[in-house]
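Structure record follows, encoded as structure tokens.
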4 protein chains.
Amino acid sequence: MAKSKDANLSPRKKPRQARSQVTVDAIFEATIQVLLVEGLQRLTTIRVAERAGTSVGTLYQYYPNKQALLFAVLQRHVGEVGEHVRRAAESVHGRPLTAIVSAVVRAFVQAKTDRIDEARALYSVAGELDSRRLVEESEERGLAVLTAVLRTSTDVQFDDLPTAAYMFMAAMIGPTTYMIEGGAPPSIMRAWSGQLESLCLGYLERAAYAIP
Amino acid sequence: MAKSKDANLSPRKKPRQARSQVTVDAIFEATIQVLLVEGLQRLTTIRVAERAGTSVGTLYQYYPNKQALLFAVLQRHVGEVGEHVRRAAESVHGRPLTAIVSAVVRAFVQAKTDRIDEARALYSVAGELDSRRLVEESEERGLAVLTAVLRTSTDVQFDDLPTAAYMFMAAMIGPTTYMIEGGAPPSIMRAWSGQLESLCLGYLERAAYAIP
Amino acid sequence: MAKSKDANLSPRKKPRQARSQVTVDAIFEATIQVLLVEGLQRLTTIRVAERAGTSVGTLYQYYPNKQALLFAVLQRHVGEVGEHVRRAAESVHGRPLTAIVSAVVRAFVQAKTDRIDEARALYSVAGELDSRRLVEESEERGLAVLTAVLRTSTDVQFDDLPTAAYMFMAAMIGPTTYMIEGGAPPSIMRAWSGQLESLCLGYLERAAYAIP
Amino acid sequence: MAKSKDANLSPRKKPRQARSQVTVDAIFEATIQVLLVEGLQRLTTIRVAERAGTSVGTLYQYYPNKQALLFAVLQRHVGEVGEHVRRAAESVHGRPLTAIVSAVVRAFVQAKTDRIDEARALYSVAGELDSRRLVEESEERGLAVLTAVLRTSTDVQFDDLPTAAYMFMAAMIGPTTYMIEGGAPPSIMRAWSGQLESLCLGYLERAAYAIP
DNA sequence: CATGAATGAGGTTTCATTCAT
DNA sequence: TATGAATGAAACCTCATTCAT
């Protein structure tokens with residue numbers, strides 16, 4: 001069983017002076033860059049600090065340990081993506097299935113591709129045992145959002161709504177992760193939003209029956 | 001850019017005596033176990049050797065380094081899964097789309113769930129930069145297989161076959177990885193094969209047009 | 001051999017304004033508190049400053065380095081205890097042995113127990129190689145004081161006065177340190193002064209011969 | 001409050017091969033030497049390993065952390081000294097007070113001065129918060145031993161035996177520590193056993209009353 | 001062949017001290 | 001003067017790998 005230190009993973013102190021905010025941002029971005037270029041195995045606190053143009057000591061003033069750094073990045077990413085999807089879903093409450101799927105998928109793909117470096121960088125981080133909880137919580141919230149919006153669809157209903165929502169979620173996240181991580185050909189990447197819409201809609205229409 | 005050691009990653013020597021084969025197998029299985037129970041971060045060669053009931057020295061007689069160990073496990077896994085899918089695909093050459101999708105998806109899900117411990121254990125290994133090539137090669141082969149079999153479908157054709165095949169692949173692998181890694185509820189896991197069939201078929205039918 | 005930095009260990013400047021004196025005192029007391037609560041190993045300049053309600057920067061305005069801080073505390077402690085003993089000894093010049101021992105031991109125990117937190121806190125500090133000289137100087141002065149007063153005793157004389165004085169000193173300081181540090185039962189602590197008197201007097205009477 | 005990790009402080013593994021025993025002994029002795037020459041603050045695992053003629057890695061094969069190393073040394077020291085005193089005390093059960101005091105004090109001083117380097121080196125270690133328990137346990141055993149032997153004295157009895165035994169203990173350990181640590185003049189050191197006997201006997205005779 | 005002791009580079013983290021604001 | 005952000009040397013500890021037995 002992995003050692004469950006459950007150490008403090010939240011950032012250490014909020015910078016008060018203006019210059020510190022710059023520093024803390026630089027560290028944050030440097031983490032993503034190092035992750036991207038070197039990979040998780042070769043991400044060291046010294047390397048991150050160097051790329052951020054500071055020193056290790058400074059890094060540790062803001063993050064209590066290396067995990068916390070990775071958490072911060074992961075958290076912001078899943079938080080922002082989740083938030084985008086949530087907003088999109090809210091905006092299409094009470095609309096037909098096609099409108100729902102279109103809006104949600106577009107928002108998701110948009111959010112992911114706007115942060116494609118982050119997404120790519122975080123692939124290995126998300127796989128770490130320590131990060132599971134964070135990711136799982138985000139997924140639970142996402143599932144709730146999808147379940148809620150699918151229920152409001154005006155033209156269709158689902159026999160097994162939980163399963164449908166889960167598959168919708170898995171069909172968005174899974175292939176997109178696969179695509180981003182695997183380095184899909186540009187032609188695929190360009191068409192991704194539409195293709196993913198097809199994938200999700202194709203499934204959901206099969207899983208639904210029309211409201212009389 | 002990650003240091004490209006590109007060390008020798010293939011196993012060191014084929015053991016000739018039966019006794020050695022037992023040892024090699026034990027090391028192999030121990031790797032999976034340690035991966036599963038402790039996680040990649042805490043996988044050390046000594047721990048693997050201990051769990052295998054041998055010593056580090058012996059481990060290094062059969063694998064030139066730690067990476068090679070992980071590679072071996074990853075390789076066997078993707079190899080076997082790929083092989084199962086390939087055979088299934090071959091067996092449904094020249095059949096209608098539904099038959100193809102059904103056979104391929106079943107074979108894939110079967111292969112994955114038969115090796116679910118491995119699949120779970122290897123999640124983080126696959127995320128490492130070092131393992132990318134191995135995974136990508138396997139994916140390329142898979143893509144070729146799917147492209148070939150889709151082309152033989154008797155009832156439908158695709159405007160953009162490469163994209164369709166890619167999406168088929170992504171729709172199988174992505175959500176399944178998501179599901180296995182995320183720890184889906186049992187109800188979902190039980191129904192997985194059917195659901196995945198729906199997902200893939202739903203997409204492919206939309207991407208295809210009937211042969212006149 | 002320990003690196004002999006011999007840095008400046010005396011406080012940096014005498015604060016002129018009343019406000020500063022408050023700060024210096026706060027830092028001084030904070031040092032004792034941190035020592036007591038956290039131990040020497042966990043005493044950091046930042047922790048001291050925080051507990052004193054100031055910042056590290058300010059701390060360094062009054063003490064040139066961390067050692068100086070500890071020295072100041074140790075110095076005041078041994079200084080005050082020594083001073084008390086010295087005064088007591090002076091007050092019994094030319095009296096019989098029992099009076100001398102009684103006065104000196106009482107003064108010593110009184111001074112120590114009045115500052116028992118300090119005494120406890122400083123135990124580990126005094127053990128550090130760096131503090132040896134400070135402690136030794138104080139002990140030399142103490143030895144001189146005891147030698148002087150014993151010589152004035154009206155009823156007894158010593159064959160080997162230096163040894164007698166040394167043993168007197170060791171018999172006061174040694175067991176008291178042992179008792180304070182070891183956390184003696186309350187019954188012992190309450191009776192300490194009397195017991196210590198017995199101990200010292202028992203020894204000195206054996207070492208002395210009556211003046212005819 | 002000091003962080004109470006209570007980590008594993010017992011040695012890590014018993015060496016099986018002959019050469020390892022040499023190594024582990026070298027590390028043990030090196031610890032004492034470094035403690036003596038450099039002091040606790042400057043004792044680092046690397047320095048210990050270097051002086052032992054090995055590498056840090058090897059050190060950590062036998063001791064799980066730095067504390068464990070110090071514990072081992074401290075433990076052996078207090079264990080051996082305690083054992084010597086215990087044996088001496090046993091050998092004078094049922095003898096007159098003078099015989100008891102003489103035997104016990106001699107054994108104690110002998111044991112300490114035979115290991116004077118260790119004794120000196122361990123002074124600061126014993127002051128560490130982490131080591132308290134170890135020392136206290138030893139002291140409790142010692143107290144029990146002294147209480148038991150004093151009770152068997154044929155010629156005297158004590159009104160308050162616990163206090164008498166405690167003072168006996170404090171009168172041996174306290175001044176001796178003071179003397180060793182303070183670097184007493186050679187004349188004192190040579191005479192130490194006799195002086196300490198006087199000190200203890202002087203006290204105990206005052207605390208006792210003759211058996212009629 | 002098998003063992004496990006030894007190595008040491010490299011990673012994480014702390015903290016005394018400085019200095020711009 | 002006071003602050004606290006920044007620095008980086010140095011400490012602890014791990015672990016892949018080698019090699020004598």
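Numbered from 1 within each chain, the chains take letters A, B, ... in sequence-line order. Given the structure is predicted, the values throughout are model-derived calculations rather than measurements.
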Over all heavy atoms of both residues, which pair between [X] and [Y] is shortest? Give the atoms and the distance, please.
{"X": "B:Val125", "Y": "B:Ser131", "result": "O-OG, 3.0 Å"}
{"X": "B:Tyr123", "Y": "A:Gly127", "result": "CE2-CA, 3.4 Å"}
{"X": "D:Val73", "Y": "D:Ile32", "result": "CG1-CG1, 3.6 Å"}

In whole Å, what is the span from the [atom1] atom of [X] to the [atom2] atom of [N]?
{"X": "A:Leu9", "N": "E:dT12", "atom1": "CG", "atom2": "P", "answer": "15 Å"}
{"X": "C:Glu38", "N": "E:dT14", "atom1": "CD", "atom2": "P", "answer": "14 Å"}
{"X": "A:Gln41", "N": "F:dC15", "atom1": "CD", "atom2": "C1'", "answer": "12 Å"}
{"X": "D:Glu50", "N": "F:dA11", "atom1": "CD", "atom2": "P", "answer": "11 Å"}
{"X": "B:Tyr63", "N": "E:dA2", "atom1": "OH", "atom2": "P", "answer": "13 Å"}
{"X": "C:Ile46", "N": "F:dT3", "atom1": "CD1", "atom2": "P", "answer": "13 Å"}
{"X": "B:Leu59", "N": "F:dT18", "atom1": "CG", "atom2": "P", "answer": "12 Å"}
{"X": "D:Tyr60", "N": "E:dG11", "atom1": "OH", "atom2": "P", "answer": "18 Å"}

Could you check which of [options] has an atom nearest any side-chain atom of [X]?
{"X": "D:Thr44", "options": "F:dT17, F:dC12, E:dA16", "result": "F:dC12"}
{"X": "B:Thr58", "options": "F:dA5, E:dA2, F:dC12", "result": "E:dA2"}
{"X": "A:Ser55", "options": "E:dA16, F:dG8, F:dA2", "result": "F:dG8"}
{"X": "C:Asn65", "options": "E:dT17, E:dA5, F:dT17", "result": "E:dT17"}
{"X": "C:Lys66", "options": "F:dC13, E:dA6, E:dA16", "result": "E:dA16"}

Query raised in the report: Quick one: on DNA chain E, does D:Val56 or B:Gly53 contact a more 5' nucleotide (nearest heavy atom)?
Result: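 So the residue in question is B:Gly53.
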Requested in this report: Would you kindly compare B:Thr45 and A:Gln61 by the position of their nearest DNA chain F nucleotide and give the one closer to the 5′ end?
Outcome: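 Whichever sits nearer the 5' end wins; that is A:Gln61.
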Report task. Check every strand shown and say whether C:Leu69 touches a base, only sugar-phosphate, or nothing at a heavy-atom separation below 4.0 Å. Result ->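 It contacts nothing in the nucleic acid.
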Requested in this report: Scan C:Leu43 against the nucleic acid and name what it touches under 4.0 Å (heavy atoms): base, sugar-phosphate only, or nothing.
Outcome: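 If one applies the 4.0 Å heavy-atom cut-off, C:Leu43 turns out to touch the sugar-phosphate alone, with no base involved.
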Report task. For F:dA6, take OP1 and OP2 only and decide whether either is under 4.0 Å from a side-chain N or O of A:Thr23. Result ->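 Yes, because at least one side-chain N or O of A:Thr23 sits under 4.0 Å from OP1 or OP2 of F:dA6.
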Requested in this report: Considering just the side-chain nitrogens and oxygens of A:Arg47, establish if one lies under 4.0 Å of OP1 or OP2 belonging to E:dG11.
Outcome: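 It does, given that an N or O in the side chain of A:Arg47 lies less than 4.0 Å from OP1 or OP2 of E:dG11.
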**Report entry** Under 3.5 Å donor-acceptor, B:Thr58 side chain and B:Thr54 backbone
**Finding:**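 Looks like no, no N/O pair under 3.5 Å.
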Query raised in the report: With a 3.5 Å cut-off and no angle check, do the side chains of B:Ser20 and B:Thr23 form a donor-acceptor pair?
Result: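 No, no side-chain donor-acceptor contact under 3.5 Å.
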**Report entry** Worked check of side-chain contact (heavy atoms from CB on, under 4.5 Å) between A:Tyr62 and A:Phe28
**Finding:** CA-CA 10 Å; A:Tyr62 299 105; A:Phe28 194 96; over 6 Å; no
Query - Separation between the C1' atoms of E:dC1 and F:dT21, rounded to whole Å - result: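 The same atom, C1', in both gives a distance of 13 Å.
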Can you give each donor-acceptor pair under 3.5 Å made by side-chain atoms of residues 45-53 of chain B, sequence neighbours left out, with the distance rounded to 0.1 Å?
from, atom 1, to, atom 2, distance (Å)
B:Arg47, NE, B:Arg42, O, 2.8
B:Arg47, NH2, B:Arg42, O, 3.3

Query raised in the report: Tell me, which stems hold DNA chain F, with a stem being 3 or more Watson-Crick or G-U pairs in a row and both distances under 3.5 Å?
Result: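 As far as DNA chain F goes, consecutive pairing (with distances under 3.5 Å) yields the stems E:2-21 with F:2-21.
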Requested in this report: For the pair A:Glu128 and A:Lys66, find out whether any cationic side-chain nitrogen is under 4.0 Å from an anionic carboxylate oxygen.
Outcome: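 Here A:Glu128 does not pair with A:Lys66 in a salt bridge, since their nearest N and O are not under 4.0 Å apart.
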